[in-house]
Amino acid sequence: MGSIPYVVEDFQGVLQVYSDGSTLRSATLPFHVPVHDDGSAVWKDCVFDKHHHLHLRIYKPAVSDAAAKLPILYYFHGGGFCVGSRTWPNCHNCCLRLASELRAVVVAPDFRLAPEHRLPAALDDAWSSLKWLQGQALSEKREEWLSEGVDLERVFVVGDSSGGNMAHHLAVQLGAGSPELEPVRVRGYVLMAPFFGGSVRTGSEEGPSEALLNLEILDRFWRLSIPEGGTKDHPLANPFGPESPNLEPLKLDPILVVVGGNELLKDRAKDYAKKMKEMKKNIGYVEFDGKEHGFFTNDPYSEAGNALLQLIQRFIS
(Lines give C-alpha, C1' and ligand atoms only; values in the text may rest on other atoms or scores of the structure.)
Protein backbone atom coordinates (compact mmCIF):
# COMPACT_ATOMS: atom_id res chain seq x y z
CA MET A 1 0.00 0.00 0.00
CA GLY A 2 1.19 3.49 -0.83
CA SER A 3 1.49 6.23 1.74
CA ILE A 4 -1.45 8.55 2.32
CA PRO A 5 -1.01 11.86 0.44
CA TYR A 6 -0.17 14.80 2.68
CA VAL A 7 -0.27 18.56 2.20
CA VAL A 8 2.94 20.06 0.81
CA GLU A 9 1.63 23.54 -0.09
CA ASP A 10 -1.19 25.40 1.65
CA PHE A 11 -2.45 28.87 0.80
CA GLN A 12 -4.73 29.78 3.70
CA GLY A 13 -6.91 26.75 3.05
CA VAL A 14 -8.10 28.13 -0.29
CA LEU A 15 -5.59 26.01 -2.21
CA GLN A 16 -3.91 22.89 -0.89
CA VAL A 17 -1.42 20.84 -2.90
CA TYR A 18 -0.75 17.25 -1.87
CA SER A 19 2.34 15.08 -2.10
CA ASP A 20 0.86 13.08 -4.98
CA GLY A 21 0.29 16.25 -7.02
CA SER A 22 -3.46 16.43 -6.40
CA THR A 23 -5.07 19.67 -5.29
CA LEU A 24 -7.99 20.71 -3.14
CA ARG A 25 -9.67 24.08 -3.61
CA SER A 26 -12.08 25.62 -1.11
CA ALA A 27 -14.96 27.95 -1.98
CA THR A 28 -14.46 29.69 1.36
CA LEU A 29 -12.24 32.76 1.04
CA PRO A 30 -9.54 33.59 3.61
CA PHE A 31 -11.01 37.07 4.07
CA HIS A 32 -14.50 38.56 4.32
CA VAL A 33 -15.47 41.18 1.76
CA PRO A 34 -19.15 42.16 1.58
CA VAL A 35 -20.54 42.73 -1.91
CA HIS A 36 -21.22 46.41 -2.56
CA ASP A 37 -23.85 46.47 -5.30
CA ASP A 38 -25.82 49.71 -5.31
CA GLY A 39 -27.52 49.04 -8.63
CA SER A 40 -25.48 51.61 -10.56
CA ALA A 41 -24.01 48.81 -12.71
CA VAL A 42 -25.49 45.56 -14.02
CA TRP A 43 -23.69 42.35 -14.96
CA LYS A 44 -24.01 38.93 -16.54
CA ASP A 45 -21.81 35.92 -17.27
CA CYS A 46 -20.86 34.50 -20.68
CA VAL A 47 -18.83 31.52 -21.87
CA PHE A 48 -15.80 32.55 -23.92
CA ASP A 49 -13.94 29.22 -24.10
CA LYS A 50 -16.13 26.12 -24.26
CA HIS A 51 -13.15 23.78 -24.52
CA HIS A 52 -11.71 24.88 -21.16
CA HIS A 53 -15.11 25.77 -19.63
CA LEU A 54 -14.04 29.38 -19.06
CA HIS A 55 -16.44 32.23 -18.38
CA LEU A 56 -16.19 35.98 -18.29
CA ARG A 57 -18.39 38.53 -16.56
CA ILE A 58 -19.60 41.63 -18.40
CA TYR A 59 -20.53 44.79 -16.51
CA LYS A 60 -22.10 48.00 -17.78
CA PRO A 61 -23.65 51.12 -16.23
CA ALA A 62 -27.30 50.60 -15.39
CA VAL A 63 -28.11 53.85 -17.18
CA SER A 64 -26.01 55.22 -20.02
CA ASP A 65 -26.11 58.09 -22.47
CA ALA A 66 -27.38 56.72 -25.76
CA ALA A 67 -25.37 59.33 -27.66
CA ALA A 68 -22.02 58.37 -26.15
CA LYS A 69 -20.30 55.07 -26.89
CA LEU A 70 -18.80 53.33 -23.88
CA PRO A 71 -15.14 52.24 -23.82
CA ILE A 72 -14.35 48.63 -22.91
CA LEU A 73 -12.10 47.73 -19.97
CA TYR A 74 -10.73 44.21 -19.73
CA TYR A 75 -10.00 43.38 -16.09
CA PHE A 76 -7.69 40.49 -15.18
CA HIS A 77 -7.82 39.56 -11.49
CA GLY A 78 -4.88 38.85 -9.23
CA GLY A 79 -4.04 35.82 -7.11
CA GLY A 80 -0.51 34.85 -8.07
CA PHE A 81 -1.81 32.80 -11.04
CA CYS A 82 -2.98 30.26 -8.43
CA VAL A 83 -6.19 31.60 -6.87
CA GLY A 84 -8.91 34.11 -7.64
CA SER A 85 -11.98 34.35 -9.83
CA ARG A 86 -14.34 36.84 -11.43
CA THR A 87 -16.86 35.64 -8.82
CA TRP A 88 -14.78 36.58 -5.77
CA PRO A 89 -16.45 39.54 -4.00
CA ASN A 90 -13.37 41.76 -4.08
CA CYS A 91 -13.03 41.30 -7.84
CA HIS A 92 -16.78 41.75 -8.31
CA ASN A 93 -16.85 44.98 -6.28
CA CYS A 94 -13.87 46.31 -8.20
CA CYS A 95 -15.53 45.70 -11.57
CA LEU A 96 -18.86 47.16 -10.44
CA ARG A 97 -17.02 50.31 -9.39
CA LEU A 98 -15.01 50.53 -12.62
CA ALA A 99 -18.15 50.18 -14.75
CA SER A 100 -20.27 52.69 -12.86
CA GLU A 101 -17.61 55.31 -12.14
CA LEU A 102 -15.76 55.23 -15.48
CA ARG A 103 -18.93 54.77 -17.54
CA ALA A 104 -17.45 51.75 -19.25
CA VAL A 105 -18.25 48.18 -20.21
CA VAL A 106 -16.00 45.99 -18.06
CA VAL A 107 -15.10 42.46 -19.15
CA ALA A 108 -13.63 40.23 -16.43
CA PRO A 109 -12.44 36.86 -17.76
CA ASP A 110 -11.51 33.88 -15.67
CA PHE A 111 -8.44 31.88 -16.67
CA ARG A 112 -6.92 28.53 -15.82
CA LEU A 113 -5.02 28.48 -12.54
CA ALA A 114 -1.81 26.85 -11.36
CA PRO A 115 -0.57 24.40 -10.29
CA GLU A 116 -3.10 22.36 -12.28
CA HIS A 117 -2.34 24.61 -15.24
CA ARG A 118 1.04 26.28 -15.00
CA LEU A 119 2.05 29.28 -17.07
CA PRO A 120 1.59 30.07 -19.90
CA ALA A 121 -1.99 28.70 -19.52
CA ALA A 122 -3.28 31.93 -17.92
CA LEU A 123 -1.71 34.03 -20.66
CA ASP A 124 -3.14 31.78 -23.35
CA ASP A 125 -6.59 32.24 -21.82
CA ALA A 126 -6.17 36.02 -21.60
CA TRP A 127 -5.34 36.05 -25.30
CA SER A 128 -8.31 33.78 -26.00
CA SER A 129 -10.64 36.16 -24.15
CA LEU A 130 -9.51 39.08 -26.33
CA LYS A 131 -9.94 36.97 -29.45
CA TRP A 132 -13.47 36.27 -28.21
CA LEU A 133 -14.11 40.02 -28.28
CA GLN A 134 -12.77 40.17 -31.81
CA GLY A 135 -15.10 37.34 -32.74
CA GLN A 136 -18.01 39.28 -31.29
CA ALA A 137 -17.01 42.35 -33.29
CA LEU A 138 -17.03 40.32 -36.51
CA SER A 139 -20.20 38.37 -35.76
CA GLU A 140 -23.64 39.11 -37.14
CA LYS A 141 -25.07 37.74 -33.89
CA ARG A 142 -23.05 39.78 -31.45
CA GLU A 143 -23.48 39.53 -27.66
CA GLU A 144 -26.33 41.94 -26.89
CA TRP A 145 -24.34 44.11 -24.48
CA LEU A 146 -21.62 44.54 -27.11
CA SER A 147 -23.91 45.18 -30.07
CA GLU A 148 -24.77 48.85 -29.54
CA GLY A 149 -23.38 51.78 -27.62
CA VAL A 150 -19.86 50.39 -27.17
CA ASP A 151 -16.64 51.58 -28.77
CA LEU A 152 -14.65 48.56 -29.94
CA GLU A 153 -11.83 50.90 -30.95
CA ARG A 154 -11.38 52.08 -27.35
CA VAL A 155 -10.40 48.98 -25.41
CA PHE A 156 -8.13 49.15 -22.36
CA VAL A 157 -6.57 46.28 -20.40
CA VAL A 158 -6.44 46.58 -16.61
CA GLY A 159 -4.61 43.96 -14.59
CA ASP A 160 -4.20 43.58 -10.84
CA SER A 161 -1.08 41.83 -9.47
CA SER A 162 -0.69 38.66 -11.58
CA GLY A 163 -3.27 40.27 -13.86
CA GLY A 164 -0.85 43.18 -14.22
CA ASN A 165 1.84 40.72 -15.30
CA MET A 166 -0.62 39.39 -17.89
CA ALA A 167 -1.37 42.93 -19.08
CA HIS A 168 2.34 43.48 -19.73
CA HIS A 169 2.62 40.31 -21.79
CA LEU A 170 -0.50 41.19 -23.75
CA ALA A 171 0.95 44.62 -24.50
CA VAL A 172 4.11 42.99 -25.85
CA GLN A 173 2.23 40.32 -27.79
CA LEU A 174 -0.21 42.76 -29.39
CA GLY A 175 2.22 45.62 -30.03
CA ALA A 176 1.18 49.15 -30.93
CA GLY A 177 -2.18 49.29 -32.65
CA SER A 178 -3.11 45.66 -31.76
CA PRO A 179 -3.39 44.72 -35.47
CA GLU A 180 -4.14 41.06 -34.69
CA LEU A 181 -7.42 42.08 -33.06
CA GLU A 182 -8.89 44.23 -35.86
CA PRO A 183 -11.49 45.71 -35.79
CA VAL A 184 -10.93 45.77 -32.02
CA ARG A 185 -8.32 48.34 -30.96
CA VAL A 186 -6.53 48.24 -27.59
CA ARG A 187 -5.46 51.75 -26.62
CA GLY A 188 -3.55 51.20 -23.39
CA TYR A 189 -2.72 49.07 -20.37
CA VAL A 190 -3.03 49.69 -16.62
CA LEU A 191 -0.76 47.53 -14.45
CA MET A 192 -1.78 47.64 -10.79
CA ALA A 193 1.09 46.33 -8.66
CA PRO A 194 2.18 43.89 -11.37
CA PHE A 195 3.38 40.53 -10.05
CA PHE A 196 6.90 40.30 -11.47
CA GLY A 197 9.69 38.15 -10.08
CA GLY A 198 13.43 37.69 -10.13
CA SER A 199 16.11 35.56 -8.51
CA VAL A 200 17.61 38.56 -6.69
CA ARG A 201 15.52 40.06 -3.88
CA THR A 202 14.62 43.74 -4.07
CA GLY A 203 14.74 46.18 -1.18
CA SER A 204 10.95 46.28 -0.80
CA GLU A 205 10.76 42.47 -0.83
CA GLU A 206 13.22 42.38 2.05
CA GLY A 207 11.16 44.95 3.95
CA PRO A 208 8.33 44.30 6.42
CA SER A 209 5.48 41.98 5.45
CA GLU A 210 2.09 43.41 4.52
CA ALA A 211 -1.19 42.66 6.27
CA LEU A 212 -2.28 40.26 3.50
CA LEU A 213 1.00 39.47 1.76
CA ASN A 214 4.47 38.21 2.65
CA LEU A 215 7.49 36.69 0.93
CA GLU A 216 6.40 33.15 1.75
CA ILE A 217 3.19 33.69 -0.23
CA LEU A 218 5.02 35.29 -3.16
CA ASP A 219 7.54 32.46 -3.31
CA ARG A 220 4.81 29.85 -3.08
CA PHE A 221 2.89 31.39 -5.99
CA TRP A 222 6.01 31.32 -8.16
CA ARG A 223 6.82 27.72 -7.18
CA LEU A 224 3.35 26.64 -8.22
CA SER A 225 2.94 28.71 -11.38
CA ILE A 226 6.30 28.90 -13.18
CA PRO A 227 6.76 26.25 -15.89
CA GLU A 228 8.41 23.10 -14.54
CA GLY A 229 12.16 23.54 -14.24
CA GLY A 230 11.95 27.32 -14.44
CA THR A 231 13.12 29.95 -11.96
CA LYS A 232 11.86 33.38 -10.96
CA ASP A 233 13.96 34.74 -13.83
CA HIS A 234 11.74 32.91 -16.33
CA PRO A 235 10.60 35.35 -19.07
CA LEU A 236 6.99 35.02 -17.90
CA ALA A 237 8.02 36.11 -14.39
CA ASN A 238 10.86 38.57 -15.03
CA PRO A 239 10.47 40.90 -18.05
CA PHE A 240 14.18 41.70 -17.85
CA GLY A 241 15.59 38.27 -17.02
CA PRO A 242 18.61 36.78 -18.81
CA GLU A 243 16.40 34.85 -21.23
CA SER A 244 13.65 37.48 -21.61
CA PRO A 245 13.05 39.05 -25.02
CA ASN A 246 14.57 42.43 -25.77
CA LEU A 247 11.76 44.96 -25.47
CA GLU A 248 13.71 47.96 -26.75
CA PRO A 249 12.87 47.63 -30.47
CA LEU A 250 9.16 47.00 -29.83
CA LYS A 251 6.51 49.67 -30.33
CA LEU A 252 3.94 49.49 -27.56
CA ASP A 253 0.72 51.27 -26.66
CA PRO A 254 0.70 53.50 -23.53
CA ILE A 255 1.15 51.82 -20.16
CA LEU A 256 0.27 53.10 -16.69
CA VAL A 257 1.86 51.44 -13.64
CA VAL A 258 0.26 51.94 -10.23
CA VAL A 259 1.59 50.61 -6.93
CA GLY A 260 1.22 51.16 -3.19
CA GLY A 261 4.16 52.73 -1.40
CA ASN A 262 4.26 49.94 1.21
CA GLU A 263 4.01 47.01 -1.20
CA LEU A 264 6.51 44.19 -1.33
CA LEU A 265 6.23 44.42 -5.13
CA LYS A 266 6.89 48.18 -5.22
CA ASP A 267 10.54 48.06 -6.28
CA ARG A 268 9.85 45.64 -9.13
CA ALA A 269 7.04 47.85 -10.43
CA LYS A 270 9.20 50.95 -10.10
CA ASP A 271 12.16 49.30 -11.83
CA TYR A 272 9.88 48.06 -14.62
CA ALA A 273 8.58 51.57 -15.27
CA LYS A 274 12.10 53.04 -15.11
CA LYS A 275 13.55 50.56 -17.60
CA MET A 276 10.60 50.94 -19.97
CA LYS A 277 10.99 54.71 -19.79
CA GLU A 278 14.68 54.36 -20.67
CA MET A 279 13.55 52.38 -23.73
CA LYS A 280 11.44 55.39 -24.76
CA LYS A 281 8.13 53.66 -24.06
CA ASN A 282 5.06 55.75 -23.29
CA ILE A 283 4.76 54.77 -19.63
CA GLY A 284 3.56 56.45 -16.46
CA TYR A 285 4.30 55.47 -12.86
CA VAL A 286 2.20 56.49 -9.86
CA GLU A 287 2.87 55.45 -6.28
CA PHE A 288 0.17 55.67 -3.60
CA ASP A 289 1.94 56.57 -0.38
CA GLY A 290 1.44 54.18 2.52
CA LYS A 291 -0.81 51.76 0.61
CA GLU A 292 -0.42 47.99 0.52
CA HIS A 293 -1.14 45.30 -2.05
CA GLY A 294 -4.74 45.23 -3.28
CA PHE A 295 -5.62 48.65 -1.87
CA PHE A 296 -8.02 49.29 -4.75
CA THR A 297 -9.34 45.79 -5.40
CA ASN A 298 -10.11 45.18 -1.74
CA ASP A 299 -11.59 48.65 -1.09
CA PRO A 300 -12.56 50.40 -4.35
CA TYR A 301 -14.75 52.93 -2.50
CA SER A 302 -11.94 54.30 -0.33
CA GLU A 303 -10.32 57.70 -0.75
CA ALA A 304 -7.35 56.06 -2.46
CA GLY A 305 -9.75 54.07 -4.63
CA ASN A 306 -11.45 57.28 -5.75
CA ALA A 307 -8.08 58.82 -6.58
CA LEU A 308 -7.08 55.78 -8.62
CA LEU A 309 -10.35 55.91 -10.56
CA GLN A 310 -9.63 59.53 -11.45
CA LEU A 311 -6.17 58.50 -12.58
CA ILE A 312 -7.55 55.75 -14.82
CA GLN A 313 -10.23 58.11 -16.15
CA ARG A 314 -7.55 60.54 -17.32
CA PHE A 315 -5.56 57.69 -18.83
CA ILE A 316 -8.44 56.37 -20.93
CA SER A 317 -9.82 59.77 -21.95
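Hydrophobic cluster membership differs between F296 and Y301, with clusters built from Ile, Leu, Val, Met, Phe, Trp and Tyr side chains linked at under 4.5 angstrom. Residues V186 and Y74 are members of one and the same hydrophobic cluster, defined by side-chain heavy-atom contacts under 4.5 angstrom among Ile, Leu, Val, Met, Phe, Trp and Tyr. At a threshold of 4.5 Å between side-chain heavy atoms, the hydrophobic network of Ile, Leu, Val, Met, Phe, Trp and Tyr places M276 and V172 in one connected group. In the hydrophobic cluster analysis, where Ile, Leu, Val, Met, Phe, Trp and Tyr join through side-chain heavy atoms closer than 4.5 angstrom, V105 is grouped apart from V158. Under a hydrophobic clustering in which Ile, Leu, Val, Met, Phe, Trp and Tyr are joined whenever their side-chain heavy atoms come within less than 4.5 Å, directly or via other members, V150 and W43 fall into different clusters.
The line from CG of L146 to CG of L70 is 10.5 Å long, rounded to the nearest 0.5 Å. To the nearest 0.5 Å, atoms CZ (F81) and NE2 (H117) are separated by 15.0 Å. The CD1 atom of I283 sits 12.5 Å away from atom OH of Y189, with the distance rounded to the nearest 0.5 Å. How far NE2 of H234 is from CG of L119: 8.0 Å, rounded to the nearest 0.5 Å. The CG atom of L264 sits 9.5 Å away from the CZ atom of R201 when rounded to the nearest 0.5 Å. Distance check: C95 SG to I58 CD1 gives 11.5 Å after rounding to the nearest 0.5 Å.
In this structure, R86 and D45 have side chains that are in contact, with non-hydrogen atoms separated by less than 4.5 Å. Between N282 and D253 there is no side-chain heavy-atom pair separated by less than 4.5 Å. Contact annotation: the side chain of L98 never approaches that of Y59 to less than 4.5 Å [non-hydrogen atoms, C-beta and beyond]. Using a 4.5 Å heavy-atom threshold, the side chains of V155 and L181 count as separate. The side-chain heavy atoms of P109 and L54, taken from C-beta on, include no pair separated by under 4.5 Å. No side-chain heavy atom of H36 sits under 4.5 Å from any side-chain heavy atom of H92. Within the 4.5 Å cutoff, the side chain of E9 has heavy atoms near those of the L224 side chain. Between P183 and L152 there is no side-chain heavy-atom pair separated by less than 4.5 Å.
In this structure, E303 places its CD atom where only 12 or fewer heavy-atom neighbours from other residues, nucleotides or ligands lie under 6.0 Å away. Heavy-atom contacts from other residues, nucleotides or ligands closer than 6.0 Å to CG of D289 number 12 or fewer. The 12-atom threshold is exceeded at NZ of K44, counting heavy atoms of other residues, nucleotides or ligands nearer than 6.0 Å. By the 6.0 Å contact criterion, CG on L212 is open, its count of non-hydrogen atoms from other residues, nucleotides or ligands being 12 or less. Counting heavy atoms of neighbouring residues, nucleotides and ligands inside a 6.0 Å radius, atom NZ of K60 exceeds 12 of them. Enclosure of atom CD in E278 by more than 12 non-hydrogen atoms of other residues, nucleotides or ligands within 6.0 angstrom is indicated. Heavy atoms of other residues, nucleotides or ligands lying less than 6.0 angstrom from CD of Q16 number more than 12. Annotation for K270: atom NZ does not count as buried by contact number, only 12 or fewer foreign heavy atoms lying within 6.0 Å.
At least one donor-acceptor pair closer than 3.5 Å links the side chain of E292 to the backbone N or O of A211. Panel note: side chain S161, backbone G79; no donor-acceptor pair is recorded below 3.5 Å. At least one donor-acceptor pair closer than 3.5 Å links the side chain of S302 to the backbone N or O of D299. Side-chain N or O atoms of Q136 include one that pairs as donor or acceptor with a backbone N or O of E143 at under 3.5 Å. Put simply, the side chain of E287 never gets that close to the backbone of K266: no donor and acceptor are under 3.5 Å apart. The closest donor-acceptor contact from the side chain of K131 to the backbone of E180 lies under 3.5 Å. Counting only distance, with no hydrogens or angles, the side chain of S178 and the backbone of L174 share no donor-acceptor pair below 3.5 Å.
A perpendicular orientation is assigned to the rings of F221 and F195, their planes being inclined by more than 60° (bins at 30° and 60°).
For H77 and F111, the distance between ring centers is under 6.0 angstrom.
A salt bridge does not link D151 with R185: every distance from a Lys NZ or Arg NE/NH1/NH2 to an Asp or Glu carboxylate oxygen is 4.0 Å or more. Taking the charged nitrogens against the carboxylate oxygens, D219 and R223 have no contact shorter than 4.0 Å, which rules out a salt bridge.
Between L15 and P115, the closest heavy-atom pair is CD2-CD, 4.0 Å. For the residue pair P239 and A237, the shortest heavy atom distance occurs at CD-O, 3.6 Å. Here the closest non-hydrogen pair linking P235 and P245 is CB-CD, 4.3 Å. The two residues S85 and C91 come nearest to each other via the heavy atoms O-CB, 3.5 Å. Counting all heavy atoms, side chain and backbone alike, D267 lies closest to S204 at OD2-N, 2.8 Å. Taking each heavy atom of G164 and L191 in turn, the nearest pair found is O-CG, 3.3 Å.
For residues 249-271, no pair satisfies ring pair (Phe, Tyr, Trp, His ring centres under 6.0 Å), with sequence neighbours left out. Evaluation of the ring pair (Phe, Tyr, Trp, His ring centres under 6.0 Å) test over residues 146-184, restricted to residues two or more places apart or in two chains, returns H168-F196, H168-Y272. Pairs engaging residues 121-130 under the side chain to side chain donor-acceptor pair (under 3.5 Å) rule: R112-D125 [sequence neighbours left out].
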Verdict with supporting geometry, L130 and V184, side chain to side chain contact (heavy atoms under 4.5 Å, CB included)
CA-CA 9 Å; L130 284 169; V184 172; 5.9 Å; no

Quick one: do V83 and R25 satisfy side chain to side chain contact (heavy atoms under 4.5 Å, CB included)? Show the steps, please.
CA-CA 9 Å; V83 297; R25 292 183 179 273; 4.2 Å; yes

Please lay out, stage by stage, how K275 and L247 fare under the test side chain to side chain contact (heavy atoms under 4.5 Å, CB included).
CA-CA 10 Å; K275 288 179 177 175; L247 303 179; over 6 Å; no

How far apart are the C-alpha atoms of V33 and N93, what are their side-chain angles, what is the distance that settles it, and do they pass the side chain to side chain contact (heavy atoms under 4.5 Å, CB included) test?
CA-CA 9 Å; V33 177; N93 286 341; 3.6 Å; yes

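Counting only N and O atoms by type, the side chains of R97 and N306 include a donor and acceptor under 3.5 Å apart. Looking only at atom types and distance, the side chain of D233 has no donor-acceptor partner in the side chain of T231 under 3.5 Å away.
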